[in-house]
Amino acid sequence: MNPNWQRANIQLAASYLREVIAKGADPRAKAAYEGLLDVLDPARRTVRLQRERAAIAAAVPVQAARERRATHERRRNDRRKADVGSPTGVDRRQANRRTGRDRRDNRG
């Protein structure tokens, strides 16, 4: 296949769709036109997708930094000020955790 004739056909179809769009804004024709231009220039598609994703990310509401910070500080202060101990009420750790032997030594 010769990519030159393919490119010429895509450009011809894009120019026809441009005329159709100029006469009346048909959303399908505009989408097809954008798709043809993306085929001709792949970098254009990348830029368009990045722009769309940025617009979607900007539309998502973000919790205010002050609210996030207040929640974090409240949690931190509660845990550090009060020594509440083990959540189960029983301390599972042994009093003397070091037995004197090297655990890396597998000889016993």
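For clarity, every value in this text was computed on a predicted model and none was experimentally measured. In what follows, residues are counted from 1 in the order of the sequence shown.
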**Message:** Applying salt bridge (Lys or Arg N to Asp or Glu O under 4.0 Å) to K23 and E19, what does each step give before you reach the verdict?
**Reply:** CA-CA 6 Å; K23 291 177 184 175; E19 292 172 7; 5.6 Å; no
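Results of the salt bridge (Lys or Arg N to Asp or Glu O under 4.0 Å) test with E34 over R44, R28, R18 single out R44 as the only residue that passes.
Scanning all heavy atoms of the two residues, the minimum distance from I21 to K30 falls at CD1-CA, 3.4 Å. Looking at every heavy atom in both residues, L36 comes nearest to I10 through O-CG2, 3.7 Å.
For the atom pair OG1 (T46) and CG (D41), the distance works out to 8.5 Å, reported to the nearest 0.5 Å. Once rounded to the nearest 0.5 Å, the distance linking OH of Y33 with CG of D38 reads 10.5 Å. For the atom pair CG (L40) and CZ (R7), the distance works out to 5.0 Å, reported to the nearest 0.5 Å.
One hydrophobic cluster, built from ILVMFWY side chains closer than 4.5 Å, cannot hold both L49 and V39; they sit in different ones.
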